[in-house]
Structure formats: structure tokens, C-alpha cells
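In what follows, a structure is listed as C-alpha cells, so that the remarks can point back to it.
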Amino acid sequence: MNKTSSNIMALAPNTSNKRETVCIFGTGDFGRALGHKMIQSGYPVVYGSRSTQISNLIPKDAEVLSHAEAAQKAAIIIIAIQRQHYNFLIPLAEILRGKVVVDISNNLKLNQYPESNAEYLSQLLPGAKVVKAFNTVSAWALQSGTLDASRQVFVCGDDMEAKQMVMNIVRALGLTPLDQGSLLAAQGIENYPLQLFPMWKLPIFLSFGLTAFFFCYCLALDVIYTYIYENKNFSFFIAITIPNRVCPVMALILLALVYLPGVLAAIIQLYRGTKYRRFPDWLDKWMLCRKQLGLIALAFASLHVLFTLVSPMRSFVKWRNGKGIISQALNNKTEPLDSTNAWLSDSYLALGILGFFLFVLLGITSLPSVSNNVNWREFRFVQSKLGYLTLILCTAHTLVYGGKWFLSPSAYKWYLPNIYMLSLVVPCTVLVVKFVLVFPCVDKPLTQIRQGWERTPRYSE
Amino acid sequence: MNKTSSNIMALAPNTSNKRETVCIFGTGDFGRALGHKMIQSGYPVVYGSRSTQISNLIPKDAEVLSHAEAAQKAAIIIIAIQRQHYNFLIPLAEILRGKVVVDISNNLKLNQYPESNAEYLSQLLPGAKVVKAFNTVSAWALQSGTLDASRQVFVCGDDMEAKQMVMNIVRALGLTPLDQGSLLAAQGIENYPLQLFPMWKLPIFLSFGLTAFFFCYCLALDVIYTYIYENKNFSFFIAITIPNRVCPVMALILLALVYLPGVLAAIIQLYRGTKYRRFPDWLDKWMLCRKQLGLIALAFASLHVLFTLVSPMRSFVKWRNGKGIISQALNNKTEPLDSTNAWLSDSYLALGILGFFLFVLLGITSLPSVSNNVNWREFRFVQSKLGYLTLILCTAHTLVYGGKWFLSPSAYKWYLPNIYMLSLVVPCTVLVVKFVLVFPCVDKPLTQIRQGWERTPRYSE
Amino acid sequence: MNKTSSNIMALAPNTSNKRETVCIFGTGDFGRALGHKMIQSGYPVVYGSRSTQISNLIPKDAEVLSHAEAAQKAAIIIIAIQRQHYNFLIPLAEILRGKVVVDISNNLKLNQYPESNAEYLSQLLPGAKVVKAFNTVSAWALQSGTLDASRQVFVCGDDMEAKQMVMNIVRALGLTPLDQGSLLAAQGIENYPLQLFPMWKLPIFLSFGLTAFFFCYCLALDVIYTYIYENKNFSFFIAITIPNRVCPVMALILLALVYLPGVLAAIIQLYRGTKYRRFPDWLDKWMLCRKQLGLIALAFASLHVLFTLVSPMRSFVKWRNGKGIISQALNNKTEPLDSTNAWLSDSYLALGILGFFLFVLLGITSLPSVSNNVNWREFRFVQSKLGYLTLILCTAHTLVYGGKWFLSPSAYKWYLPNIYMLSLVVPCTVLVVKFVLVFPCVDKPLTQIRQGWERTPRYSE
């Protein structure tokens with residue numbers, strides 16, 4: 001029998017529910033929380049500590065010994081100590097030789113040290129089998145047992161058997177181990193819990209800025225202008241009317257911004273005649289946050305749908321409708337159905353519904369579990385073909401809705417264009433350029449370039 | 001070449017598509033279904049049976065031998081026999097030594113036996129490499145080939161190579177193996193298929209009870225009271241009006257119940273001055289089903305939105321609106337726009353829309369594939385910050401909607417408060433207590449306690 | 001120390017960030033893209049090429065050698081060459097003995113060759129450890145770094161250590177390796193990227209055909225008939241009115257088609273008296289695309305909801321409502337509330353809302369990440385119990401909505417039934433048959449048959 005199986009047998013032998021002793025160096029908060037949880041799961045736990053006085057806080061069933069004694073009692077040693085104190089382990093190097101040493105530390109900043117804590121530990125203890133694990137779990141969550149969030153524990157290490165042993169403990173604690181490969185992955189694993197939606201920052205700031213601008217723009221034109229020149233108090237427009245103007249504008253612009261970098265990239269590649277030169281940095285960053293931009297656009301579109309659908313319930317709308325009907329009744333006449341109007345109203349609603357429907361489909365396919373189940377061809381089909389169809393439908397929805405106002409001078413209060421005219425600039429540009437790029441005389445060289453062909457004269461310049 | 005690779009080579013050698021013989025003990029329904037599927041996937045199958053007469057039901061291409069003969073023909077033996085008959089395997093222990101023995105049995109009740117079936121089998125056959133697998137798949141699904149549900153097969157065992165061999169078979173049958181670690185996991189794997197939404201029971205019963213209570217309460221006040229005292233038949237309120245009163249009330253109360261245990265836990269910790277004592281059992285249970293409570297609240301909120309949005313299509317609403325307009329027309333006057341009313345109506349609608357929007361966002365982040373892609377910091381940000389914002393918005397929505405009725409005596413039919421007043425009790429309590437907890441003089445000691453600090457005098461009591 | 005760990009230590013030794021050289025045979029587009037990415041991730045890359053002249057296109061930091069020299073420099077050789085040129089590797093077999101050879105090729109058609117490319121390569125180089133990987137990633141995605149879609153890389157191979165080494169590289173490139181077992185899985189992995197929604201084709205064609213038929217049917221009855229006989233131009237019905245008739249009809253029929261095959265299968269099994277004979281091919285295919293049918297039905301139902309909810313905003317609807325109110329006002333009377341009408345309108349709306357709500361629930365549980373978290377019992381409960389409840393609610397919704405027109409002759413324009421009558425045929429059939437199947441006298445033998453029992457006399461026929 002080779003070493004792999006013998007070792008694992010030792011960890012979980014047939015004599016049911018007998019688990020192997022685990023040693024924890026350090027009696028800080030996380031060390032105690034982990035010890036508690038391990039004892040609950042049936043592991044004998046021994047703490048290694050400078051002072052072997054038994055503190056109140058340490059779980060009752062755990063033993064507390066000196067570091068050297070504790071380490072000798074277990075095959076797995078968990079280092080629940082901060083990196084800056086790792087030096088004290090150097091004298092223990094001989095005792096830790098061949099043992100599985102688990103680094104669970106986190107840093108305070110991204111890339112705080114040149115090498116990861118686990119790699120540093122591995123350099124201090126060349127004979128030990130260092131495994132990185134548990135750093136993505138919070139002590140509070142372990143303690144309270146309410147692991148609502150991710151139960152995933154990233155594990156990495158150079159020794160397969162050591163990794164297996166640690167992954168078995170992770171599973172026994174009710175968590176899900178995820179093998180991340182060799183110790184080189186430790187840097188990434190240590191950075192992971194420090195991030196707060198890194199890819200979302202740029203799109204969210206952009207959206208906030210644009211939303212604030214458009215909100216003020218609408219406030220000026222719809223509330224302040226009306227108050228000054230028509231002496232009407234429409235301040236309640238702030239609650240629904242103005243948000244319902246800003247939301248669709250934001251949704252359309254952000255959706256267009258999702259497809260703009262792809263169009264720009266195509267133009268750059270056509271101009272350069274090669275795909276083997278890097279895009280400018282801003283374009284790279286932009287391309288990497290397209291998914292986030294698209295999801296924020298979907299959020300605005302959903303809000304627009306909700307704001308629109310509640311409109312028949314608004315006091316103001318009921319009053320306006322009632323006024324129209326009463327004036328007809330008082331004039332003793334019924335207006336006939338205006339067929340053109342019916343066509344316009346129905347078609348912009350239908351275009352909006354279809355556009356929103358496709359938009360939600362795009363959103364659903366970007367869920368991780370769905371996009372993991374489609375291959376590249378399918379993903380490109382959905383995100384590119386359906387995506388452009390969505391953009392076309394939404395742009396058409398806006399055009400049909402506002403078309404009649406383009407030539408009407410009353411739409412230009414203070415000589416400023418209405419907000420939906422502004423919203424059409426970016427999507428129309430994207431659609432026109434994309435339309436040009438689809439022509440065979442442009443599409444063919446672009447496809448060649450993307451398959452690796454190069455227009456050589458330009459390259460040697 | 002070591003044993004691992006040689007063994008796996010034997011399973012799937014380079015001589016393409018030649019698969020290793022598999023032996024199945026037992027010709028019951030599941031044994032036959034598994035055999036069928038394996039033969040379809042290219043495995044030679046040999047059955048071990050008491051009577052070697054070939055039954056009609058056994059797949060045609062399979063051989064049927066005595067147990068001993070069948071076992072000698074294969075390296076993997078699948079035990080498709082119920083646990084109470086495992087004893088007959090004891091005489092075969094010598095033949096099964098070193099073989100991979102797969103336990104696929106299920107029990108009828110949770111934790112029916114002290115040890116799992118797989119561990120029991122492993123005790124009976126100390127020389128065999130026992131692997132637990134396939135128990136989560138149904139025979140009917142294997143047979144009909146229509147695996148709509150989970151294709152996941154949990155696999156556990158103490159021997160890595162044996163596990164690898166079984167996982168290869170699982171993959172060859174078109175299923176997805178999930179390594180669950182050592183044989184200690186077998187108990188959990190055997191319990192898994194017996195569960196029917198265990199975490200959902202309490203929240204669902206609670207919701208049913210509360211819904212029934214509020215439905216009757218509304219029925220009494222809105223239909224029966226009106227019928228008795230005003231002699232109007234509003235029985236059709238049962239279809240939409242009353243559900244649309246009960247749903248938002250349920251949504252708000254359940255959402256508040258999601259955040260109440262967190263607030264209670266904080267109070268308990270502050271009082272005790274330590275986090276190292278367990279919460280009372282009921283609080284632990286409550287905390288564990290917060291996600292389910294939240295999702296049920298979201299379901300009620302969604303129903304509320306749908307019920308509200310269809311209201312302009314209701315006969316009753318159309319009739320009521322028409323009546324109001326006709327009476328104005330007959331009186332020959334047009335009421336001016338009531339600006340306060342417009343403000344109230346628009347702002348409660350806007351608050352509701354924003355609250356619902358954030359609520360849906362919370363729901364989406366609780367999808368397993370999304371929550372697995374965010375780290376602890378991000379998850380806490382969404383569920384805590386956004387969650388409280390949702391609660392605030394939804395409470396404000398209810399307050400603005402019903403505010404005018406608090407002081408009106410007509411709202412107290414039979415001296416009972418209107419239902420939305422009842423719905424405000426829990427969320428307002430949670431928000432007030434949370435507001436107090438956020439004050440620095442309370443927040444600071446709480447944070448210290450959660451980081452492991454203890455107010456010692458109390459501890460030694 | 002055994003071979004496993006020594007080998008992995010070689011790949012990622014403790015001397016931080018030192019990665020092992022990788023050799024790439026072939027300087028085509030994918031070879032170059034992979035090389036670029038590997039150099040970025042810190043791997044020294046050496047290309048094996050026929051001409052050792054350094055091309056402009058090859059990444060600057062890579063070395064270019066002859067095939068034999070390059071292969072000797074690395075333990076991992078990636079074959080970025082098309083299958084028809086694999087023959088040139090035969091003379092190199094001795095050099096490649098014991099090395100890890102990675103096949104990344106794709107074919108142009110499904111099942112183009114009798115054996116997979118990786119298995120063919122393994123036959124050509126019997127001493128090499130062949131691993132299949134990277135074929136599901138596109139060169140364009142690697143190049144541009146914008147991996148929006150799946151980051152999953154399927155890996156398979158007969159040698160565990162070789163697979164581990166390749167999986168470590170996959171992880172280092174920021175991708176997620178998925179172990180698919182032995183080299184027998186290569187055929188499936190090579191077919192994967194060629195598929196374009198294979199399970200969706202039949203349901204989508206069916207939906208398109210039915211939708212086109214119903215659209216024309218409605219167009220004839222609602223627009224053309226009205227134009228000819230009543231001389232009214234209702235052409236704008238094309239935008240919303242007709243789609244909102246076709247969508248619910250499609251949703252109901254497709255939902256019924258999801259449950260029809262289950263009912264048919266039960267009848268066939270009862271008739272045959274056994275479950276051990278295969279269903280006809282068309283039934284098998286039908287059963288396999290039930291999930292897709294259900295999701296398309298959900299899409300139609302969602303569109304129906306949106307089309308219905310916007311109706312109060314339509315010009316035509318406003319005009320029609322206004323007309324009704326004005327005529328009442330002009331006649332100087334107010335119609336009293338019609339209680340029956342109020343009941344009918346409210347109950348069909350409520351039934352529709354509940355049906356749609358359950359339908360969305362069914363859709364959410366069919367998300368991969370949700371269905372992976374429920375066991376068979378739970379999945380069957382949701383999809384069968386809740387599914388039939390949805391079908392019942394939706395059928396009742398249609399019946400209540402259209403009930404009054406069944407006996408009215410004006411509903412039969414051109415002697416053709418109204419579209420919603422057609423839509424009721426399939427769901428009512430399914431529900432009636434299912435109702436019969438639930439009776440104990442039918443349910444009991446069916447359950448026995450599904451548990452493996454056989455009515456023997458029939459079997460021997």
C-alpha cells in the first residue's frame with residue numbers, strides 16, 4: 001500500500017468517527033473559533049501557546065501545551081498567528097519537518113508583501129508541507145454557525161496528500177473545499193477576502209455621476225422651468241416622473257456603452273492591421289467591465305418598467321385622465337379613435353416590451369451557473385446577436401416614443417434639447433458604426449485579422 | 001510506475017473504448033437499472049445472484065453468476081442489496097479483499113442506524129475498499145434517461161484510488177461526481193435524499209399560519225363588517241383586494257423577522273459581555289432559517305406587486321373611477337389637482353418600487369451561484385447594508401401609504417386597528433433597536449465583543 | 001517521497017514564482033495566443049516549429065527551436081497543430097516518451113472521426129501521457145483577456161499526475177479546470193464547443209411554427225374580418241392586441257406539452273405492464289426537451305404579463321374607457337356595480353397571478369445552481385406537484401376569462417372558434433387523463449410497475 005492511501009486511512013480510519021488530532025498554534029480569536037468548530041465536528045484539538053495557562057476563552061475540551069509539545073501530538077498544525085510573528089517558528093523547523101502546516105492568515109491590504117504569507121511560511125519551514133486554507137471564512141461565521149454566505153474554502157499547496165488531508169477537515173466542518181492548485185495561488189487567495197466588488201467600482205461611479213447629471217437636468221427643465229414660466233408647482237414630479245425619465249435614459253446609454261468598446265476595438269484593429277498589439281489601457285479596462293455595465297443598465301431598465309407600470313395608479317395621472325374625459329363630456333362630444341396615435345402608442349409599448357424581455361434574457365444568461373453551462377459559441381450568440389437586437393429594439397422604442405417632439409419647438413425649453421434626445425446619441429452612433437462594420441468589404445479583413453492575419457507593411461513601421 | 005496510475009490505466013486503457021467489467025450484487029430494481037445504464041455506456045456487467053437462472057428482467061447482455069464467481073470477474077463490486085441482508089457478504093470477505101466495494105443503499109428514515117450503511121459494510125469487509133456512491137440517483141431516472149434534476153452523485157471513501165475508479169464510472173454514465181471526502185461523510189450522504197426542504201418547514205408553517213390569521217382578520221373587517229353594517233356585498237374582495245392586503249403585510253413582517261434575530265443576538269451579547277456562550281436554541285434555529293424567511297417575504301412582495309399592477313384592469317376599479325368622473329361631469333365641475341395628494345401617492349409608490357427593487361437584488365444575490373462568487377465582505381455588505389435599506393424603504397412605503405388613517409376613527413372598525421397598523425409593529429421595533437445599536441457608545445463594546453474581547457467579571461460569575 | 005509529490009514540487013517549487021518551461025508545437029493563431037497568455041502568467045515558453053526563423057508574430061520572450069530540441073526542454077508539450085498533421089509526431093515518439101502531451105485540437109463537425117483527436121494522439125504516441133484540455137477556450141478570448149463567458153476548461157486524461165500538472169497551468173492562467181475523468185471523455189469534450197443549443201432546436205422550431213400559425217389565425221379573425229364586415233381599421237392590433245392573444249395561448253399549450261409525455265409514458269407502461277421496454281423514440285426525445293419547452297412557455301407567459309400590464313397605457317384602451325364613461329355621463333346615469341362581473345374579472349386575474357407566480361418559481365428551480373442544491377425528492381415535488389398546480393391554475397385562468405364566450409355565436413367568426421378555445425384542448429386533455437391516473441385503482445398498478453413489477457403474461461407474448 002502506498003503512502004497516499006495509508007495517510008488518508010490514518011486520518012479517517014474504519015473505527016468509525018475517530019478523527020485525527022489537530023494542533024492549533026495561537027489562541028487568538030480565529031484560533032479559538034476554529035478550535036470550537038473542530039471540537040464540535042469530533043476532532044481532538046491541542047493548542048500550542050507561549051503560556052500554557054489555560055485561559056477561560058479556550059474551548060473546554062482542548063488541551064493547551066507549549067508549541068513544541070503540541071506540534072508533536074498532531075500531523076496537522078494550523079498557524080493562527082499573524083505573519084509578523086512567523087519568525088518564532090524557525091526554532092521549531094525540525095519538529096515541523098514532514099508535518100502539514102496550514103497557513104490561515106490574511107493581510108490588511110492587497111499585495112501587502114512581495115510574496116504571499118503561505119509562501120513566506122514555506123520558506124521559513126523548508127521541510128514542512130505548507131497548505132493555504134480557511135482565510136476566506138470569518139471567525140464570527142464559524143462561531144455562530146450561520147454560514148449564510150459562501151461555504152467555499154480555497155485550498156492550495158504543493159503537496160497533494162497534505163492538501164487532501166486539509167480538504168477532508170474542511171468538509172468535516174461542513175464547508176466546501178476548492179482546490180486552487182499549487183502554493184503559487186496563495187497570493188490570489190490572500191487577496192480575495194479583501195476585495196469589495198472591484199469590477200463594479202468604475203461602472204457604479206459612472207452611473208451615479210450620469211444619474212445625478214440627468215436628474216438635475218430634468219429637475220431644471222420639468223420642475224423649475226414650469227414653476228418660473230407657467231407658475232405651476234409640479235414638485236411631486238421628483239418622486240416618479242423624473243426618475244422615470246432618468247432611468248430609461250441611463251439604461252439606454254449604459255447598454256450602448258456595453259457595445260461601444262467592441263466597436264472601437266474593431267476600428268483600432270482595422271487601422272493597425274493586426275490583432276497582436278495591445279489595446280490602450282482604458283479600452284482594456286472598459287472591456288473588462290462590460291458585464292457590470294450591462295447589469296446596471298438592466299437595473300435601470302427594470303426600474304423604468306416598474307415606474308411606468310404604476311403610472312395608472314398615480315393621483316396625477318388619474319386626475320389628468322379624468323380632466324380630459326370630463327371636458328369631452330361637458331362639450332357633449334366623443335372624440336373618435338385616432339388610428340395613428342393608436343399605432344404609435346402600441347408600437348412603442350410593444351418595442352419596449354420586446355427590448356426589455358430580451359434584456360432580461362441577457363441578464364439571466366450572465367448568471368454564473370447559466371453561463372457555465374453554455375459553450376463559447378452559444379455565449380457569443382446570446383451576448384452578441386441577442387445583445388445587438390436588444391439595443392436596436394430599445395433605441396427604436398425611444399425613437400418612436402419621442403419622434404414627434406424632435407421638430408416641435410416647445411420641446412426645447414431654455415434652448416436645451418429634451419433628455420431623450422441626449423440619450424439617443426451614443427446608441428445611434430454604436431448602431432451606425434456596427435452597421436458599417438457588418439458590410440462584407442469591412443467584415444472580411446476584420447475576420448482575417450482576428451484569425452491571426454497581419455497587414456505586414458504596417459507592422460514593420 | 002506507482003499504483004495510482006497503473007490502476008487507472010487498467011480502468012481506461014489506451015485501447016480505445018475498452019471498459020473494465022463491473023459486478024453488481026443483487027438483481028432488484030436499482031441493480032437492474034444501474035446495469036442497463038452501464039451496459040449502454042459500454043461497461044461489461046456481471047450480476048452476482050443467489051439463483052443463477054437468468055430472469056427476463058435482467059439486461060440481455062449481462063452475465064449472471066453466483067456471488068463468488070461474479071466477484072472474481074471484476075475489480076469493482078456494486079452492492080445493490082438492502083442493509084439488513086449485508087450479513088451474507090461475510091463469507092465472501094476473502095474474495096472481496098482489495099476490491100472496490102460500492103455501497104449504494106438508502107435508508108427509509110433519517111439516521112435510522114447508529115453508523116451509516118457504508119461504514120457498516122466497511123466493518124463487515126475490513127479488507128475491501130468501500131466507496132459510497134449513487135444513492136442520490138433514482139432508479140426511475142436512470143431507466144428513463146431523463147435526468148432533469150441534479151446530475152450530481154456524491155462519492156465518499158477512504159481509499160483515493162477506489163474513489164477515482166468509481167468517479168470515472170459516474171462520469172461515464174453522464175453524471176457529475178462530487179468528492180465528499182472520507183467515509184465519515186457517508187452518514188450525511190445517506191440522509192441527503194430523504195430530506196424534503198428541511199430548512200423551509202418552520203418558515204413555511206409560520207407563513208401559512210400568519211397568512212390564514214390575516215386573511216380572516218381582513219375578511220371580517222372588509223367583507224363581513226361591510227355586509228352587516230353597510231349592507232353591501234363585497235364578497236369579490238376575496239379574490240384580489242384581501243390578498244393584496246395580506247401579501248404586503250406578510251412581506252413586511254417576514255422581512256423584519258429576518259433582521260430581528262441579529263438584533264436580539266447583539267442585545268444578548270452586550271448583556272452577557274462575551275460572544276463565547278451559545279445563544280439559546282430557538283435563536284440559533286431562527287438564525288439558520290433567515291434566508292428562507294427572506295425568500296418567502298420576497299415571494300409575498302412579488303405577489304403584492306402583481307396584485308397591485310393589475311388593479312387598473314379590475315371591473316371594480318374601473319367602475320369606481322368611472323363613478324367619480326361621472327359625478328364630477330354631472331356636477332359640471334372639474335376638481336383641481338390636489339398637490340399634497342399627488343405628493344403622497346407618488347412618494348409611496350416610489351418608495352415601494354425602490355424597496356421592491358432592492359429586495360429583488362437581495363434575492364438574486366442569495367442564488368447559490370451568485371453568492372459563491374462574492375466573498376464575505378461583499379456578502380455582508382449586500383445582506384446587511386442593502387437589507388436594512390430595503391427594510392427602511394418598505395416600512396416607509398407602508399407608513400406613507402397608511403399614515404392618514406392612523407388618526408381617523410373610521411379606520412377602527414369593531415375597535416380593531418387596520419391590518420397595516422399591525423404590520424408596522426415588528427419592523428418599527430427592529431429599526432428602532434438597530435438605530436440604538438448603531439450609536440458609537442453601544443457599537444464600540446459590541447464590536448470589541450465580536451472580536452473576542454470579554455467583560456471578565458460577568459464571566460466568572 | 002513518492003512520484004506524485006515530487007512531480008508537483010518540480011512544477012511549482014518553493015523558490016517562489018519560478019514556473020516550469022512549457023513547450024508549444026505549432027505557431028498558428030491558437031498556439032501564439034496560448035503562448036502569450038502563458039508568458040504573461042510567468043511560464044517560460046519554447047516553441048517547436050519546422051522553420052526556426054523567428055517570426056514577428058511569436059511572443060518576444062519565447063524561444064523557437066526545432067520540434068525535437070523544444071520537446072527536450074520541457075516536461076509538458078502542447079500540440080497546437082491540426083489533427084491531419086499529427087503524423088509528423090511519430091518520429092518524435094521516443095523524445096515524447098513519459099512527457100505530458102496536451103491535445104488542444106477541435107474538429108469542424110460533431111463526431112468527425114471515429115475516435116477523438118486525443119485518443120488518436122495517444123495511439124500515435126503510446127509512451128506519452130496524453131491530456132485533453134483548452135479546446136473549449138477561444139484564441140480571441142485568451143488574447144483579449146476578456147473572458148466574459150465560461151472560464152471552465154475541461155481536462156481529461158488517463159494519467160492522474162499529468163492531469164494535475166495541466167490543471168495547475170489552467171489555474172495559473174486564471175481559468176477553472178474541470179476534471180472529466182479518463183481519456184474516454186475526450187470525444188464529448190471535443191464535441192462540446194461545436195454545439196449551438198442542441199436541446200433547444202426542436203422546442204424553438206415548434207414554438208415558431210405554432211406562433212406563426214396563431215398569429216395569422218388572429219390576424220384573420222380580428223383585423224381582416226373586422227375590416228371586411230365592419231369596415232373598421234384595427235391594423236394597430238398587430239402591435240399589442242394580437243401578440244397578447246398569441247402569447248398566453250402559446251404559454252398554455254407549451255406548458256401542457258411539458259406534462260403530456262409523462263402522461264403518455266404512464267399509459268404506455270400500464271398497457272405494456274412493464275417498465276423494462278424502451279419508449280418509442282419520439283417520446284424519448286420529447287421527454288428530454290421538457291425543460292426547454294417549459295422555459296419557452298415561461299417566456300411567453302412573461303410576455304403575456306407585460307403586454308397585459310401596459311394595457312391601461314394604450315391610446316386605444318384609454319379611448320375605449322373614456323367613451324364608456326362619457327356615454328354614461330351624457331345619458332345622465334351611473335351604472336351600478338355588477339357584482340358577477342366583478343367576481344369574474346377579479347378571479348381570472350387572481351388565478352392568472354397565482355399561476356404565473358408558480359410558473360416563475362418553477363423557472364427559478366430549473367436554474368442549474370438551484371437544482372443542484374435540491375435532492376431528487378425535492379425536485380420531483382417542485383416539478384411535479386407545483387407543476388401540475390401551475391397547469392391547473394393557468395387552465396382555470398383561461399376558462400374563467402373566456403367562459404362566457406363559449407355559447408355566444410358572435411365568438412365564431414367565419415364559423416371558426418376563438419383562439420383561446422383552441423388553446424384549451426391540450427391542457428384539458430392532460431388534466432383529465434392525469435385525473436384518471438391519480439385514482440387508486442390506476443395509480444397502484446402503475447406504482448408497482450415503476451418499482452420493477454411486471455405483468456408477466458403480457459411480457460412473454
Exercise. Output every pair passing salt bridge (charged side-chain N to carboxylate O under 4.0 Å, His left out) with a member in residues 352-364 of chain A, not counting sequence neighbours, ordered by first then second residue.
Key: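 Residue pairs with at least one partner in residues 352-364 of chain A: there are none.
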
What part of [X] is in contact with chain A, defined as an atom under 4.5 angstrom from a non-hydrogen atom: side chain, backbone, both or neither?
X         : result
Phe307(C) : both
Met167(C) : neither
Arg171(C) : side chain
Leu309(C) : both

Side chain / backbone / both / neither for [X] at chain C, heavy atoms under 4.5 Å:
X         : result
Tyr348(A) : neither
Ala185(A) : neither
Asp179(A) : both
Pro336(A) : backbone
Val382(A) : side chain
Thr308(A) : both

Practice problem: Give, for atom CG of Leu367(A) and atom CG of Leu367(C), the distance between the pair rounded to the nearest 0.5 Å. | Solution: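 One gets 6.0 Å once the value is rounded to the nearest 0.5 Å.
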
Exercise. Nearest 0.5 Å please: distance from the CD atom of Gln180(A) over to the CG atom of Asn168(C).
Key: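 CG of Asn168(C) is found 10.5 Å from CD of Gln180(A).
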
Exercise. For each of Ser235(C), Ser302(C), Ser311(C), Ala172(C), tally heavy-atom pairs with chain A at distances under 4.5 Å, and name the one with the top tally.
Key: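 Maximum pair count with chain A is reached by Ser235(C).
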
Quiz prompt | Those residues that, when tested against Thr365(C), pass side chain to side chain donor-acceptor pair (under 3.5 Å) (two or more places apart) | solution =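 For Thr365(C) the side chain to side chain donor-acceptor pair (under 3.5 Å) partners, ignoring immediate neighbours, are Gln383(C).
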
Exercise. Without swapping roles, check the side chain of Ser315(C) against the backbone of Ser345(A) for a donor-acceptor pair under 3.5 Å.
Key: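 Judged by distance alone, no pair lies under 3.5 Å.
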
Quiz item: Just by distance, do the side chain of Arg377(A) and the backbone of Pro193(C) share a donor-acceptor pair under 3.5 Å?
Solution: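 Answer holds: no.
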
Exercise. Test Ile325(A) against Ile326(C) for side chain to side chain contact (heavy atoms under 4.5 Å, CB included), laying out the working first.
Key: CA-CA 7 Å; Ile325(A) 294 170; Ile326(C) 292 167; 3.6 Å; yes

